[in-house]
Amino acid sequence: MRAASHRPRRGVNHVSTARRPTARPTARLVGPLLLLAAALTGCAEKPSRAENPNQAEKPSRAENPSRADKPSQAENPSRTEKPTQSPAGKPTRTPADPAWWAPAPGEITDWDWQITEPYDLSAPRQMYDLDLFDLAPKGSQLRYADGDVIDVPPGPLAGKIDELHARRPRPVVICYVDTGAYEHYRPDAARFPGHEKREDAIPNRPDAPADGSVIGWDTGWAGERWLDIREGSRDAFAEAVWARFDLAERMGCDGVEPDQNNPRGNDPGFRIPLADQVSWYREVARQAHARGLSVGMKNGHNEPGTAARLVDSFDWALPEECVEFAECGELKPFVAAGKAVFAVDYRKSVAAPAKACRTHRKHGLDGLIKDEPPTGAYRKRCA
C-alpha cells in the first residue's frame with residue numbers, strides 16, 4: 001500500500017509519450033517495389049527455421065510448464081489478446097498469445113482489492129487482488145538456492161485460489177506481495193539482513209539503519225519497514241523477494257501486485273536515487289514475467305514521467321489516491337498503451353466518492369473507492 005505517513009502530497013501534470021504509428025511507403029513507390037519483390041522471389045528460396053532463428057517455433061506447453069494450467073481462451077478471453085497502439089492514439093487489441101494476463105482499459109470493471117480481514121469473496125468478480133500469504137494453502141514453502149526451506153503457515157484464505165478458479169466465468173486472481181518493504185511478521189523475515197527478533201531493536205528514525213542492514217525506517221504500517229533498493233544493496237535481499245514470486249507461481253496466482261517499491265519522498269532511511277527506484281521497478285517486473293506472472297505497476301506515479309518510463313515493463317497499474325493528490329493524469333501512458341489502470345481512492349480521504357469516481361472515469365481508469373486498508377467490508381465501483 002501507499003505509505004500511511006511520510007508520503008508526498010503534490011499533484012503533477014504529464015505529457016503522454018505514446019508511440020507514433022510506423023510510416024508507410026508512398027503510393028508512387030508501391031508499383032516498383034512489387035515488381036522487385038516478384039523478381040527476387042524466383043531467385044532465392046526462403047530460409048529455413050534453422051537458417052532464420054527469428055522464426056523459431058514457440059515452445060510447447062510441455063516445454064513451458066508455467067503456462068500449462070492457464071485458462072483457455074473460452075475461460076479467459078483477455079489472455080489471448082495483446083494491447084497495441086492505433087494510429088489515432090486509441091488503444092486497440094490484436095490477436096496474440098501473451099504468456100500472462102494483460103487487461104485493456106474497460107475490460108475488467110468488476111474487480112475488488114482486499115488485502116486484510118474481513119474478506120468477502122462471495123461476489124462473482126472478474127478479478128480479485130488478495131494477499132499472497134493469506135492465500136497460502138497448507139504445505140506451502142519458500143525455497144532458496146542455498147537449500148534453505150521455510151514453511152509458510154496456512155492463511156485465512158487457504159485454498160481460495162482453486163475455489164475462485166473453479167468458478168465460471170473464471171476470475172483472475174492477483175496476489176499482493178511486498179517487494180520493496182520488509183515485514184517483521186512474515187515467516188521469511190530472517191532472510192533480510194538487519195532482521196532482529198524484536199522489531200523495536202531495528203533502528204528507526206531518526207537513528208540511521210545499522211551497518212550492513214537493508215532494513216530502513218517504518219512505512220507508516222505496523223511491522224513494515226522500507227528496504228534499501230539501491231542497486232548496490234538489493235542483491236543482499238532480492239532472492240527472498242523472488243522466492244515469494246516462486247511461491248506465487250506454484251500457488252497458481254495469475255499475477256502479482258508488488259508493493260512498496262516507491263520509497264522516494266517517503267523518508268525510508270536511505271537516499272534512494274530515482275534511477276535506482278526505476279531500475280528496481282523494472283527488475284521486479286522482469287522477475288515476475290520470468291515466472292509467467294502478470295505484474296502491475298504499484299504507485300510510483302507521483303514521480304513526474306515515471307509511469308511513461310515504466311509502462312513498457314508492466315501489464316497494468318494500480319495507483320492509490322490519484323484523485324486525492326491530483327495525480328490521475330500521470331497514468332495516461334498506460335491508458336494510451338491499452339493497459340488497464342485499477343485506481344483506488346479512499347472514502348475518508350476524498351470529499352465525495354461519486355466525484356472521485358467521475359475523475360477516474362474521465363482519465364479512463366477502472367477505479368474503486370475503498371476503506372483504508374482495503375477489506376471486504378466496503379467497496380464502491382466507479383465503472
Side-chain angles (χ1 to χ4, degrees), residues 1-18 91 103-115 127 129 174 176 180 219-221 257-266 274 277-278 281 285 295-311 313-374 378-383:
M1 293 185 62
R2 193 162 183 167
S5 59
H6 320 299
R7 63 194 181 195
R9 290 179 175 270
R10 57 177 174 269
V12 292
N13 294 320
H14 175 70
V15 179
S16 173
T17 58
E107 184 176 324
I108 305 294
T109 59
D110 191 7
W111 64 283
D112 203 2
W113 184 39
Q114 304 176 24
I115 56 173
M127 183 266 277
D129 188 341
I174 299 298
Y176 170 96
T219 66
W221 296 101
E257 182 216 329
D259 200 8
Q260 301 295 47
N261 302 305
N262 58 320
R264 284 174 51 84
N266 283 297
L274 178 58
Q277 180 166 299
V278 170
Y281 265 104
V295 60
M297 177 183 166
K298 177 66 176 294
N299 293 327
H301 59 282
N302 61 288
E303 296 273 4
T306 296
R309 296 174 66 180
L310 292 173
V311 64
S313 297
F314 290 91
D315 308 304
W316 42 276
L318 200 162
E320 292 176 280
E321 304 159 313
C322 78
V323 172
E324 180 182 353
F325 296 117
E327 297 167 347
C328 295
E330 277 293 320
L331 284 306
K332 184 178 179 180
F334 273 83
V335 177
K339 298 184 178 185
V341 177
F342 302 111
V344 176
D345 272 273
Y346 299 112
R347 64 170 170 170
K348 292 184 178 180
S349 301
V350 293
K355 184 177 180 180
C357 280
R358 287 197 294 273
T359 302
H360 286 176
R361 291 195 296 270
K362 173 185 174 182
H363 290 279
L365 316 183
D366 298 302
L368 295 179
I369 309 299
K370 297 283 294 185
D371 278 337
E372 187 180 19
Y378 175 83
R379 171 185 180 272
K380 177 177 175 56
R381 175 181 170 184
C382 290

Working for side-chain contact (heavy atoms from CB on, under 4.5 Å), residues Asp112 and Asp129: CA-CA 6 Å; Asp112 203 2; Asp129 188 341; over 6 Å; no
Leu365 vs Leu331, side-chain contact (heavy atoms from CB on, under 4.5 Å): CA-CA, chis, key distance, verdict: CA-CA 8 Å; Leu365 316 183; Leu331 284 306; 4.2 Å; yes
Evaluation steps, salt bridge (Lys or Arg N to Asp or Glu O under 4.0 Å), between Asp371 and Arg379: CA-CA 8 Å; Asp371 278 337; Arg379 171 185 180 272; over 6 Å; no
Criterion side-chain contact (heavy atoms from CB on, under 4.5 Å) on Phe342 and Leu368, from CA distance to verdict: CA-CA 8 Å; Phe342 302 111; Leu368 295 179; over 6 Å; no
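For residues 348-367, no residue pair satisfies the salt bridge (Lys or Arg N to Asp or Glu O under 4.0 Å) rule, not counting sequence neighbours.
With a 4.5 Å cut-off on side-chain heavy atoms, Asp110 and Arg381 count as touching. A heavy-atom distance below 4.5 Å is not found between the side chains of Val341 and Glu330. In this structure the side chain of His301 reaches within 4.5 angstrom of the side chain of Cys322, judged on heavy atoms.
Here the shortest heavy-atom pairing between Ala383 and Thr109 reads CB-CB, 3.6 Å. The heavy-atom pair separating Cys328 from His363 by the smallest distance is CB-CD2, 3.6 Å. Across all non-hydrogen atoms, the minimal contact from Ile369 to Tyr378 is O-CE2, 3.4 Å. Counting all heavy atoms, side chain and backbone alike, Gly364 lies closest to Pro105 at O-CB, 4.1 Å. Nearest heavy-atom pair, Tyr346 versus Val344, reported as atom, atom and distance to 0.1 Å: CE2-CG1, 3.9 Å. Listed here is the closest heavy atom pair of Val295 and Ser313: CG1-O, 4.4 Å.
For the 3.5 Å distance criterion, the side chains of Asp345 and His360 qualify, holding a donor opposite an acceptor. Residues Glu320 and Asn299 have side chains that bring a donor and an acceptor to within less than 3.5 angstrom of each other.
No side-chain donor-acceptor contact under 3.5 Å links Glu324 to the backbone of Glu321. Not a single donor-acceptor pair under 3.5 Å links the side chain of Asp315 to the backbone N or O of Gly296. Judged by distance alone, the side chain of Gln277 and the main-chain N or O of Arg264 form a donor-acceptor pair under 3.5 Å. Using modelled atom types, one side-chain atom of Tyr281 and one backbone atom of Lys298 make a donor-acceptor pair closer than 3.5 Å. Looking only at distances, a side-chain donor or acceptor of Thr306 sits under 3.5 Å from a matching main-chain atom of Glu303.
Ring-centre distance between Phe334 and Trp316: not below the 6.0 Å cut-off.
Here CG of Asn262 is found 6.5 Å from CG of Asn302. Values are rounded to the nearest 0.5 Å.
In this pair, Tyr176 and Trp113 present their aromatic rings tilted. The plane angle is within the 30 to 60° band.
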